[in-house]
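See below for the structure under consideration.
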Amino acid sequence: MNFMKVLSTAAALVLSANAAAVPASDASMFDTGVKYEFEDGSFNNCKAESFTKIDECASGNSADISDWSGTGFANITQKGSAVTITVDVPDDGLYELIIRYCQPFDLTKKVQYLNVNGSNQGEVSFPYCEKFEEMSAGYIPLKAGKNDIEIKAYWGYTLFDYMILKKADPGIAELNPERTLSNPDASDSTKRMFSYFCDVYGKHIISGQQEYCGSHSYNLDADPTLGYIVDNEAEFEYILDKTGKMPAIRGIDFINYSSAENMWDDNAAERAVEWTNKFGGICAISWHWSVPSEEGKTGCADRAFYVESANPSFTTFSISNALTEGTWENEVLMKDIEVLASKFQLIEDADVPVMFRPLHEAEGAWFWWGAEGAEPCKELYRLLYDQLTNVYGLDNIIWVWTSSTFPTSPAWYPGDEYVDMIGYDKYNAADGLPNLSSLSSTFYNLVASRDGKKLVCMSENDSIPAVDGLIDEKAGWLWFCPWYNNYLTSQQINPVEDLIKMYKSEYCITLDELPDFRTYPMEGGGEPGSVTTPAVTAAPPSSGNDKFIYGDLDDSGVVDLTDLSILSQVLLGDIDATEEINKAADVDVNGKVNLADLARLKRYISKAEGATLGK
């Protein structure tokens, strides 16, 4: 498409490299807004333009764009091109960024990176338009003095006329969410957990990790008498090995649960119970909801969750049909919800509160639940909420809606009465490099989207934000949760030194620092981040077990990950070992407790062939 064929009679201008910064002394100007022309910025691999007409837009129309202000506009083209505006602001704080743009090249949207002072602040989506329009790009953190604001091409091909910068309402940064759950009948332990979340919000970040999930031989060694958290623990063992700590939140996917006649139960619900009641942790449950494409297809192999454009293994299941009573799709839908409810009932029977984020990443439209737009997706979310809460009477769920910060995102929101927390799935590491940005702009855009009423978390991520950036920019994400495998372990995504710094920091809450959610104050008032009833203690109380077992450092009668965690902390000097712990920790019985004992204990817990404890 030749969208630049007709240019104005004026030649393209050669413009100054830097914007004239507004003096900080004119502080009152930022109350109403200060305007900056993009053509006065500095350019990388692109340039300023001044043409007035586009011959053919994506719609097939031509467009008159002659109403740009100043002397032209910035023309962002291929990936990597960028324009930077330097501003001078009077005070530290949040500023609203308003951008006038034209994007006639993609009928859906173009998405570009927003960088502030060299730090990525997330992405900005520019919807289709055939003339220059103003749009809020959200809130950005700025320091008093000069700051660089860069728009860098991700999808590219967007025209930028000017931007307006003005001080944000200071109330946005107060982080005082509503302390009531959407379900007024939520269980006591669920209310207490939510109270804890409200207390630590903005003061600490809770560590999390997604367990490995998918179509694989999972949990083959699970034994109801010994435990379900035994296999595929590579991510958790990696964190323990590198930091001596364990994540507080375990991400669990109900990916295998459905009404398929040969459904394979991988004990995901049982792991949720064990992680909470045995290890003292928190569970965040997602659900890659697989459905068939055709009526009568009843097996697991006939199901998928991606749409055809997103994955070779896909489903053509229609969400609109599924919401219509009397259809075969609706029958599948309701049967699946019944199975899901039975799993949550198992968890509730154990008095375990969980976070649940169904229909995640819907706006991306790569899953069937988002493929037909916002309205049916919202209807399905509300149906799921009503069925689990009111029909099946489940009161142990904290409901999480996974959102974006695009102009279209509010249209996807199910409603405050159905949502307790806003999640954001962050994947922005690129070009073989980690992205340790705090994404404070994205965080505060999500906070502002619900007028500060809802907690905001990083429900999935690649790189964990650097702890110093989170503190410095006051990006108060409630928790983080890297996806599994290389999303955690790759040095191009999560450098080990930064992982250690995060887990060792006072700002990060780990498994051993969580309180007992059956006793935590329901109305708040607990000490955020303090250890009320730790899952791992320096001198674990005796369970009354009369039989000595090598490796059983907590005297529970079972050798498991808790014992491995205690031994790691002993070797790192984080806890002082008692005589009983040292005796149990000397698993090779050579009179010394060292890394050789840790390696042997790890092999035993992972059921490595030939691994034994003691002589």
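Only heavy atoms go into these numbers, but all of them, side chains included; no hydrogens, no water, no symmetry mates.
The residues Asp472 and Lys143 are annotated as salt-bridged, a charged nitrogen and a carboxylate oxygen being separated by less than 4.0 angstrom. With respect to the salt-bridge test (charged N to carboxylate O, under 4.0 angstrom), the residues Arg250 and Glu233 qualify. With respect to the salt-bridge test (charged N to carboxylate O, under 4.0 angstrom), the residues Asp425 and Arg357 qualify.
The shortest heavy-atom contact between Asn396 and Val352 is ND2-O, 3.0 Å. Closest approach of Leu488 to Asn494, counting heavy atoms only: O-CB, 3.2 Å. When every heavy atom of Ala269 is checked against every heavy atom of Ile347, the shortest pair comes out as O-CG1, 3.8 Å. In terms of heavy-atom proximity, Ala222 sits nearest to Tyr228 at CB-CD2, 3.7 Å.
Between the side chains of Thr519 and Arg192, no donor-acceptor pair is found at a separation under 3.5 Å. Looking at Asn147 and Tyr95, their side chains never bring a donor and an acceptor atom within 3.5 Å of each other. A side-chain donor from one of Asn115 and Asn120 sits under 3.5 Å from a side-chain acceptor of the other. A donor atom on one side chain and an acceptor atom on the other are not found under 3.5 Å apart for Thr442 and Gln121. If you check the side chains of Asp351 and Ser189, you find a donor sitting under 3.5 Å from an acceptor. With no hydrogens or angles considered, a side-chain donor-acceptor pair links Tyr427 and Glu460 at under 3.5 Å.
In this structure, Asn176 places its CG atom where only 12 or fewer heavy-atom neighbours from other residues, nucleotides or ligands lie under 6.0 Å away. Other residues, nucleotides and ligands place no more than 12 heavy atoms under 6.0 Å from the OH atom of Tyr487. Environment of NZ in Lys504: crowded, with over 12 heavy atoms of neighbouring residues, nucleotides or ligands closer than 6.0 Å.
Looking only at distances, no side-chain donor or acceptor of Ser119 sits under 3.5 Å from a matching main-chain atom of Val116. Side-chain N or O atoms of Asn117 include one that pairs as donor or acceptor with a backbone N or O of Asp148 at under 3.5 Å. A distance-only check finds no donor-acceptor pair linking the side chain of Lys426 to the backbone of Gly122 [under 3.5 Å]. Side-chain atoms of Thr276 come within 3.5 Å of backbone N or O of Ala272 as a donor-acceptor pair.
Counting only heavy atoms from C-beta outward, the side chains of Met421 and Cys457 approach each other to under 4.5 Å. Side chains of Trp479 and Ile282 form no contact here, defined as non-hydrogen atoms less than 4.5 Å apart.
The cationic group of Lys343 does not satisfy the cation-pi geometry with Phe254, failing either the under 6.0 Å distance to the six-membered ring centre or the 45° limit from the ring axis.
When ring centroids are compared, Phe367 and Tyr306 come within the 6.0 Å threshold.
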